[in-house]
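Everything on this sheet refers to the single structure shown next.
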Amino acid sequence: MSGGGALQDGIAEFYDQSSGLWEDIWGDHMHHGFYDPTPTASASDHRAAQIRMIEESLRFAGITDDPTKQPKTIVDVGCGIGGSSRYLARKFGAKCQGITLSPVQAERANVLAKDEGLADNASFRVADALKQPFPDAQFDLVWSMESGEHMPEKSKFVNELARVAAPGGTIIIVTWCHRDLGPSEESLQPWEKKLLNRICNAYYLPEWCSASDYVKLLQSLSLQDIKAADWSEHVAPFWPAVIRSAFTWKGFTSLLRSGLKTIKGALVMPLMIQGYRKGVIKFAIITCRKPE
Ligand code: SAH
């Protein structure tokens with residue numbers, strides 16, 4: 001899939017069509033859950049695992065519960081229906097602004113913020129992460145939870161994240177990557193590319209990159225405390241659970257009603273599991289700090 005307008009339109013339509021179904025079945029977080037690598041009873045509590053994903057990400061980035069270090073201004077880049085923003089607004093008493101390409105998501109996110117009494121602290125609009133509608137150096141926390149995989153120009157994306165971060169601000173990118181290449185490799189194997197391409201077509205993704213590609217981009221911008229980790233084993237129970245939910249009566253009938261793009265997305269879900277099992281897909285967190 002190529003970059004530019006067609007990709008953006010595809011992303012907007014995909015989320016316009018599928019967000020209602022996702023919210024009905026999964027609630028307001030459109031991201032993987034974080035699980036212990038050895039399955040326990042709590043592995044069946046997927047909504048709790050999605051909240052844990054947020055908490056583990058904050059912890060990894062060194063954002064502790066120390067009130068002096070808590071972010072007061074947050075941008076939620078690729079905000080979905082604003083689950084992270086509302087959670088972070090509540091947790092930190094912060095002001096959050098979310099951007100998404102999907103008008104349906106932005107509207108729903110604003111309604112939910114109002115319903116939950118958070119309208120003053122969380123607001124949402126349609127805008128492009130590669131051309132954010134914010135001045136420089138605004139946000140203590142720049143949050144991108146599972147949106148980076150949709151971004152066609154990763155260097156532009158990372159530049160924008162760094163631009164809007166306040167001095168000393170934290171950037172958190174949690175995203176789907178392909179595996180790091182070995183020292184003698186120039187690209188992925190043809191079968192790996194083929195697998196990823198099939199996923200790209202269904203989920204409106206441009207070309208994938210690795211976590212070390214992100215680290216290099218952050219280094220090139222002289223960002224500090226750059227850290228990355230592979231959380232693939234922590235998200236393993238997630239896609240099987242999503243597939244199971246599609247086979248419930250409610251899941252199945254809603255899926256049929258929510259249109260072709262959503263159905264296409266559902267059909268590709270087993271490829272995500274395959275990608276993780278074969279080690280081609282990696283679930284990565286990359287964090288850093290903008291110098292003071
Ligand atoms: N972060 C949210 C949603 C993840 S789904 C959550 O955790 O619940 C991916 C989101 O990225 C969608 O809201 C989609 O509209 C958004 N997105 C993808 N490309 C984008 C772009 N170029 N600019 C802004 N948002 C984008």
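The analysis underlying the following values was restricted to heavy atoms, covering all of them including side chains, and did not include hydrogens, waters or symmetry mates. From a predicted model like this one, the values you see are computed outputs, not experimental measurements. Remember, it's 1-based here, ligands and their atoms both numbered in the order they're listed.
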- Would you please say whether a donor-acceptor pair under 3.5 Å links the side chains of Trp176 and Glu146? yes
Present, as a list of atom pairs with distances to 0.1 Å, all nitrogen or oxygen contacts under 3.5 Å between ligand 1 and the protein.
{"from": "ligand 1", "atom 1": "1 (N)", "to": "Gly78", "atom 2": "O", "distance (Å)": "2.8"}
{"from": "ligand 1", "atom 1": "1 (N)", "to": "Met145", "atom 2": "O", "distance (Å)": "2.8"}
{"from": "ligand 1", "atom 1": "7 (O)", "to": "His31", "atom 2": "ND1", "distance (Å)": "2.7"}
{"from": "ligand 1", "atom 1": "8 (O)", "to": "Met30", "atom 2": "N", "distance (Å)": "2.7"}
{"from": "ligand 1", "atom 1": "13 (O)", "to": "Gly80", "atom 2": "N", "distance (Å)": "3.0"}
{"from": "ligand 1", "atom 1": "13 (O)", "to": "Thr100", "atom 2": "OG1", "distance (Å)": "3.3"}
{"from": "ligand 1", "atom 1": "13 (O)", "to": "Gln105", "atom 2": "OE1", "distance (Å)": "2.6"}
{"from": "ligand 1", "atom 1": "15 (O)", "to": "Thr100", "atom 2": "OG1", "distance (Å)": "2.8"}
{"from": "ligand 1", "atom 1": "15 (O)", "to": "Leu101", "atom 2": "N", "distance (Å)": "3.3"}
{"from": "ligand 1", "atom 1": "22 (N)", "to": "Asp128", "atom 2": "OD1", "distance (Å)": "3.0"}
{"from": "ligand 1", "atom 1": "23 (N)", "to": "Ala129", "atom 2": "N", "distance (Å)": "2.8"}

- Message: Suppose we screen for salt bridge (charged side-chain N to carboxylate O under 4.0 Å, His left out). Which residues come up paired with Glu55, at least two apart in sequence or across chains?
- Response: Lys91
- Hey, are the side chains of Val75 and Phe134 touching, using non-hydrogen atoms and a 4.5 Å cut-off? yes
- Task: Can you sort out the partners of Ser123 under side chain to side chain contact (heavy atoms under 4.5 Å, CB included), two or more places apart, ordered by chain and number?
- Result: Gln97, Asn110
- Got a sec, which pairs hit side chain to side chain donor-acceptor pair (under 3.5 Å) with one end in residues 270-292, sequence neighbours left out? His32-Tyr276, Gln224-Arg289, Asp225-Arg289, Asp230-Lys282
- Just wondering, more than 12 heavy atoms not from Lys227 lying within 6.0 Å of its NZ? yes
